[in-house]
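Nothing fancy with the numbering, it's 1 onward along the sequence. In this text, all values refer to a predicted model and were calculated from it rather than measured experimentally.
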Amino acid sequence: MPRFAPGQTLLIDADDTLWENNIYFERAIAAFISYLNHHEYSPAQVRQTLNGVERETILAHGYGLTSFTRSLVTCFKRLSPVPVTEEKAARILAFARSIAEQEIELLPGVANTLADLAARHRLILMTKGNEAEQADKLARSGLAEHFSSVEIVAEKDPPTYRAVIARLELAPHTSWMIGNSPKSDINPALAAGLHAIFLFHKDTWVLEHASVDPAPEGQHLIELDSFAKLSDLF
């Protein structure tokens, strides 16, 4: 029998929780580093520079493919010994475009588990990023029917979670955030008073890495390695 009674509210992350996402960015980054083919910097140093550029770009322009593309171009300009020609810019754009062209690949057990959970609980999609991009992914995923609400936010931090809790009138003692990112899904949700379930994904984006905070008194923090195991809890 499930551990928690019907009627819970489950806020569920999208990228790398419901479907694969970061692996496509990693492939594009690997192709970009190979194309840059820098003789002064190692691939690890190029990646470190790109990580720094992405942090800067996110602060100024948010998340999404447009922001990622901007980061690739900026990184190329900083490290390339030659100017970015139209041909080079087009090649860099192609790396980002390859991500947009990917089919939605649901993670194992997601489709059946969501349908099962939706029969007993209130499901809310809670994701950050570019609104149009995330809405398009959800539409193409075939999962939209399971969610009573969709929250696409610019950032996942404690104030954002508190705002969602207030606007949707959620009861924290029966509300959970479920996702793969300690930085965005787990720690800020716990700080906002929610329970949390950390779903480990081996390819979580490096900028989302963080130590998982302990759950405050009276809150639950559960770690799982499979989306399908949510049915054992709920």
With rounding to the nearest 0.5 angstrom, report the [atom1] to [atom2] distance, [X] to [Y].
| X | Y | atom1 | atom2 | value |
| --- | --- | --- | --- | --- |
| S181 | L199 | OG | CG | 11.5 Å |
| F95 | L72 | CZ | CG | 8.5 Å |
| D185 | E208 | CG | CD | 7.5 Å |
| I104 | R140 | CD1 | CZ | 4.0 Å |
| D157 | N187 | CG | CG | 12.5 Å |
| Y35 | R91 | OH | CZ | 5.5 Å |

Exercise: identify the closest heavy-atom pair between G193 and P172
O-CB, 3.5 Å
Which atoms form the tightest heavy-atom contact between D203 and D16, and what is the distance?
O-OD2, 4.4 Å
Check the pair D15 / K128 against salt bridge (charged side-chain N to carboxylate O under 4.0 Å, His left out), numbers first and verdict last.
CA-CA 9 Å; D15 293 337; K128 70 179 182 182; over 6 Å; no
Would a distance-only check, ignoring hydrogens and angles, find a side-chain to backbone donor-acceptor pair under 3.5 Å from [X] to [Y]?
| X | Y | value |
| --- | --- | --- |
| H209 | T204 | yes |
| R120 | F234 | yes |
| S34 | A30 | no |
| T127 | D13 | no |
| T74 | R70 | yes |
| E133 | N130 | no |

For the residue pair F4 and H220, is the inter-centroid distance of their aromatic rings smaller than 6.0 Å?
yes
For [X] and [Y], which I'm curious about, is there any donor-acceptor pair between the side chains at under 3.5 Å?
| X | Y | result |
| --- | --- | --- |
| N22 | E26 | yes |
| D116 | S231 | yes |
| Q8 | T174 | no |
| T57 | S67 | no |
| N51 | R47 | yes |

Hydrophobic clustering (ILVMFWY, side-chain heavy atoms < 4.5 Å, transitive) - are [Y] and [X] grouped together?
| X | Y | result |
| --- | --- | --- |
| L224 | L106 | yes |
| V206 | Y41 | no |
| F227 | L123 | yes |
| L170 | L190 | no |

List the steps and the verdict of side-chain contact (heavy atoms from CB on, under 4.5 Å) for T17 and L107.
CA-CA 7 Å; T17 295; L107 288 166; 5.5 Å; no
So for atom [atom1], which belongs to [X], do other residues, nucleotides or ligands contribute more than 12 heavy atoms lying within a distance under 6.0 Å?
| X | atom1 | answer |
| --- | --- | --- |
| E131 | CD | no |
| Q48 | CD | no |
| E86 | CD | no |

CA sep, side-chain torsions, deciding dist, call: H201, E20, side-chain hydrogen bond (donor to acceptor under 3.5 Å, both in side chains):
CA-CA 10 Å; H201 190 298; E20 294 285 11; 3.0 Å; yes
Can you tell me which residue among F32, Y63, F25 is in a ring pair (Phe, Tyr, Trp, His ring centres under 6.0 Å) with F68?
F25
Among all residues two or more places apart in sequence or in another chain, which pass the ring pair (Phe, Tyr, Trp, His ring centres under 6.0 Å) test with H146?
none
